[in-house]
Amino acid sequence: MSKFSEWFHEILEEAEIIDTRYPIKGMHVWLPQGFKIRKYTLNILRNLLDQDHEEVLFPLLIPEDELAKEAIHVKGFEDEVYWVTHGGLTQLNKKLALRPTSETAMYPMFNLWVRSHSDLPLKFYQIVNTFRYETKHTRPLIRVREITTFKEAHTIHTDSEGAENQVKDAVELYKSFFDALAVPYVITTRPEWDKFPGADYTVAFDTLLPDGKTLQIGTVHNLGQTFAHTFDITYETESGDHQYVYQTCYGLSDRIIASVIGVHGDESGLCLPPRVAPVQVVIVPILFKEGKEEVLDFCRKVEKKLKTQSMRVYLDDRDIRAGKKFYEWEMRGVPLRIEIGPRDIKNNKMIVVSRNNLEKKTLDYHEETLILTINTLLDNINQEMKDKAWERLKNNIRKVKTVEEAQEEITESGGIIQFSWCGKTSCGKDLEETLRVDLLGIESQVEEEDKCINCGKAAKKTTLLAKTY
Ligand code: A5A
Ligand code: MG
Ligand code: ZN
């Protein structure tokens with residue numbers, strides 16, 4: 001296990017995010033702290049999606065014949081499907097799959113729903129659990145067998161341009177989402193052999209974890225007309241013809257939480273972006289024998305004031321050492337700590353400590369501007385976290401000219417390698433095997449004349465590779 005892996009498992013337990021002791025491999029329990037981080041993260045996501053998507057909720061079970069209809073799709077998932085075979089003691093005539101994803105649950109209904117060009121486009125999403133019998137090593141939040149937080153959006157369009165544009169819109173939406181979490185990413189078009197089963201192409205977001213491996217944190221698929229043909233989803237055009245629709249889908253999972261934890265955490269524990277932190281500001285009274293009540297009263301006043309702005313504030317008035325409280329709230333990733341002691345009250349001061357850099361500042365205390373001051377501090381913390389995370393990602397993307405160089409970088413520093421590639425599947429797979437990495441995909445077309453680092457033929461594409469989760 002890498003040092004990061006160990007850190008990750010420990011912090012999930014210590015910060016009470018996930019309990020991994022549930023007696024089914026790859027299935028875990030969300031604890032109250034984790035559930036809150038998840039809730040605030042999903043609030044951001046729902047706010048973005050609700051601008052032009054409709055939230056729906058489909059059944060968990062999919063009949064065997066529907067799942068099997070789309071041949072390429074089912075081939076991609078056949079090793080990973082859990083089956084319900086019995087109702088009580090009765091064997092079912094038709095096996096039922098636990099959804100690994102919901103194309104084959106939704107699209108038979110889309111067949112019924114889509115009638116006329118005037119109905120389109122349609123944009124739906126749901127946030128549900130899905131089940132995948134993963135055979136690779138499972139890890140909490142990163143590779144699970146019950147994905148508890150599967151956001152899948154599914155859209156329907158009259159023409160291919162509509163679907164193309166939706167892919168671009170979805171990429172923008174995911175950018176906004178990850179920006180809100182201060183999580184940096186690279187965006188690539190996955191190589192042919194790694195696209196979503198049934199898609200024309202897949203655009204993926206990957207972030208970099210501290211051990212130098214990347215994590216796929218989101219995918220956007222252009223499905224073209226493949227599923228439309230399979231599920232006979234057609235609409236009537238203005239002139240009365242019947243045409244097959246074009247579709248896209250895009251998904252996120254528990255990995256969004258894993259990335260927030262993994263990207264920002266440090267040796268003191270969690271470091272949460274203010275928008276998803278269960279507690280955004282903790283107030284720690286610095287108490288001495290004398291003037292105890294006065295300090296507590298003052299802290300209560302500050303707490304009340306900040307709460308009026310629906311800020312998530314916690315006054316830690318437990319009867320334990322302040323140092324112990326600092327340590328605990330730092331471990332839990334609370335973005336901002338306010339310390340108030342008897343001398344501060346006298347001098348109209350307060351001490352604030354930002355979790356992201358553990359910097360301590362003494363500020364003037366003014367009741368009228370308190371909220372503004374704290375909000376500004378929280379905004380700054382978010383910005384600093386984002387800048388730092390992006391800088392680390394950028395510093396870990398290295399351009400190479402040869403396979404040997406790639407090998408060296410991968411063994412010595414990990415991270416993401418940028419290189420020129422001819423675009424051929426056989427050559428790409430050969431590279432993956434030689435270097436024991438994954439091609440993340442294509443960033444862009446090569447602008448000048450260049451050579452593939454592996455086969456020496458004309459390069460067409462700037463491509464990224466990395467060791468991946
Ligand atoms: N229907 C489309 C959206 C779909 O299923 N796409 S997907 O297969 O790529 O899954 C969406 C996202 O879920 C992926 O980008 C990946 O980040 C995440 N994911 C896939 N398998 C996972 C697993 N076993 N555990 C956690 N996250 C997973
Ligand atoms: Mg897979
Ligand atoms: Zn090549």
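Treat the numbers as computed from the prediction; the structure is a model and nothing was measured. All ligand and atom numbering here is 1-based and tracks the order in the structure. For reference, positions follow the sequence shown, starting with 1. Hydrogens, waters and symmetry mates play no part in the numbers below; they use all other heavy atoms, side chains included.
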Where on [X] is there a heavy atom closer than 4.0 Å to ligand 1, on the side chain, on the backbone, on both, or on neither?
| X | value |
| --- | --- |
| T219 | both |
| R145 | neither |
| E134 | side chain |

Taking only heavy atoms of [X] into account, list the atoms of ligand 1 that are under 4.0 Å away from them.
| X | answer |
| --- | --- |
| E103 | 1 (N), 2 (C) |
| R143 | 25 (N) |
| Q216 | 14 (C), 15 (O), 16 (C), 17 (O) |
| Y250 | 3 (C) |

- Message: Taking salt bridge (Lys or Arg N to Asp or Glu O under 4.0 Å) as the criterion, tell me which of R145, R143, R139, K25 meets it with E134.
- Response: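 By the salt bridge (Lys or Arg N to Asp or Glu O under 4.0 Å) criterion, E134 pairs with just one of R145, R143, R139, K25: R143.
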Compute both the distance and the angle, then confirm whether [X] meets the cation-pi test with [Y]: under 6.0 Å from the six-membered ring centre, within 45 degrees of the axis.
| X | Y | value |
| --- | --- | --- |
| R312 | Y40 | yes |
| R337 | F326 | yes |
| K213 | Y469 | yes |
| R38 | W30 | yes |

- Message: Heavy atom to atom 5 (O) of ligand 1, shortest distance: which of E152, E80, R132 holds it?
- Response: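 Nearest heavy atom to atom 5 (O) of ligand 1 lies in R132.
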- Of the choices F77, F196, Y469, which has the non-hydrogen atom that lies closest to atom 4 (C) of ligand 1?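 Looking at heavy atoms only, F196 sits closest to atom 4 (C) of ligand 1.
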- Taking the Zn ion (ligand 3) as the vertex, measure the angle between atom SG in C427 and atom SG in C452; round to 10°.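 Vertex at the Zn ion (ligand 3): approximately 100°.
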So is [X] in contact with ligand 1, going by heavy-atom distances below 4.0 Å?
| X | value |
| --- | --- |
| I142 | yes |
| V144 | yes |
| F205 | no |

- Sub-3.5 Å N/O-N/O distance, H154 and ligand 1: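 Checking ligand 1 against H154, no N or O pair falls under 3.5 Å apart.
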- Task: Give a yes or no on whether the backbone of E359 and the side-chain of S354 come within a donor-acceptor separation of less than 3.5 Å.
- Result: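 Checked: no pair found.
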- Item | Aromatic ring proximity Y250/Y125, centre distance under 6.0 Å |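 Y250 vs Y125: aromatic centres not under 6.0 Å.
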- Message: Between L31 and I18, is there a side-chain heavy-atom distance shorter than 4.5 Å?
- Response: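 Counting from C-beta outward, I18 and L31 never come under 4.5 Å.
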- Task: Would you sort out whether T462 and F419 count as a side chain to side chain contact (heavy atoms under 4.5 Å, CB included), showing the intermediate values?
- Result: CA-CA 6 Å; T462 305; F419 65 101; over 6 Å; no
